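Heads up, the thing below is written out as structure tokens.
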Amino acid sequence: DQQVKQNSPSLSVQEGRISILNCDYTNSMFDYFLWYKKYPAEGPTFLISISSIKDKNEDGRFTVFLNKSAKHLSLHIVPSQPGDSAVYFCAAQAYNFNKFYFGSGTKLNVKP
Amino acid sequence: NAGVTQTPKFQVLKTGQSMTLQCAQDMNHNSMYWYRQDPGMGLRLIYYSASEGTTDKGEVPNGYNVSRLNKREFSLRLESAAPSQTSVYFCASSETSYNEQFFGPGTRLTVL
């Protein structure tokens, strides 16, 4: 059973607008969450992370929000740019698990 | 500083053939991982090595073996390839098992 879920396989957004990518998890022991970005024919690259002691973390145009009670996190990209078009994976881990659990990914298309 | 390197980039095998995928990292990371990526399935963990000298099964270990040769290198072996193992394979490393992972460029494997 998937412990990390990204229920939207794809998202299309106009350049300059906000992109919101969502991720849900089931394991209440998860306490560290990451977002990765993946271009075709390349490996994923780390984008931003958040610890469960915070509910928001910001890095430039990227902000991750964590709602622990809802077991939900989201990635906001503002403003979206065509170069942001990629597949985005969320991942989660509990401190003593030694491994991350990945969602199935959301393909973002930012239209010029 | 090459990061994580994987060889080969592409491989075609016949059912029943064996092969080893090689992975090396030059970041002095303790933890290394092998994932496979299939359409709609995201990244699934095959095996991981939390530290030199240890290896553990991930979500989908059947049909694979691994060797943590030293701190730098972590290889994945298919003893008898099957068409179900057609996938893109990614190697990753991290400073510890609780840090963000750095991914290699991937190996695209086709089993006929």
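Since this is a predicted model, take the numbers as computed values, not measurements. Below, read A as the first sequence line, B as the second, and so on, with proteins coming before strands; counting in each chain starts at 1.
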[X], part contacting chain B, at a heavy-atom distance under 4.5 Å:
X     : result
A:P9  : neither
A:A91 : neither
A:F89 : side chain

hydrophobic_cluster_shared for [Y] and [X], side chain cutoff 4.5 Å:
X     : Y     : result
B:M19 : B:V60 : yes
B:Y33 : B:L78 : no
A:I20 : A:V78 : yes

Counting only pairs under 3.5 Å, give me each side-chain donor-acceptor contact of residues 101-108 of chain A, with atom names and distances, residues two or more places apart or in other chains.
residue	atom	partner	partner atom	Å
A:T106	OG1	A:S8	O	2.6

- Query: Are there more than 12 heavy atoms of other residues, nucleotides or ligands under 6.0 Å from atom CD of B:E95?
  - Reply: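 Open.
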
- Message: Looking at B:R77, I'd like to know if its CZ atom is crowded, meaning that more than 12 non-hydrogen atoms belonging to other residues, nucleotides or ligands lie closer than 6.0 Å.
- Response: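 Yes, CZ of B:R77 has more than 12 neighbouring heavy atoms, counting only those of other groups under 6.0 Å.
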
- Please list all pairs passing the salt bridge (Lys or Arg N to Asp or Glu O under 4.0 Å) test where one or both residues lie in residues 43-53 of chain B, with sequence neighbours left out.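 For residues 43-53 of chain B, and leaving out neighbouring residues, the salt bridge (Lys or Arg N to Asp or Glu O under 4.0 Å) pairs sorted by first residue read B:D38-B:R44.
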
- Identify which part of B:L43 has an atom lying under 4.5 Å from any heavy atom of chain A, answering side chain, backbone, both or neither.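 For B:L43, heavy atoms of backbone and side chain both lie under 4.5 Å from chain A.
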
- Test item: side-chain donor near acceptor, B:Y98 and A:D31, under 3.5 Å: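 The answer is yes; a qualifying pair exists.
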
- Task: Indicate the atoms forming the closest heavy-atom contact of A:F100 with B:Q101, along with that distance.
- Result: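 Heavy atoms only, the tightest pair is CD1-NE2, 3.4 Å.
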
- Smallest separation among heavy atoms of B:K57 and A:K99, with atom names: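 Scanning both residues completely, I find the closest heavy atoms to be O-NZ, 4.2 Å.
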
- Message: Given 3.5 Å as the limit, does a donor-acceptor pair link the side chain of A:E42 with the main chain of B:G106, or not?
- Response: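 Here the side-chain-to-backbone pair does not exist.
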
- Item | B:F103 side chain reached by A:Y36 side chain, heavy atoms, under 4.5 Å |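 SC-SC contact between A:Y36 and B:F103 confirmed.
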
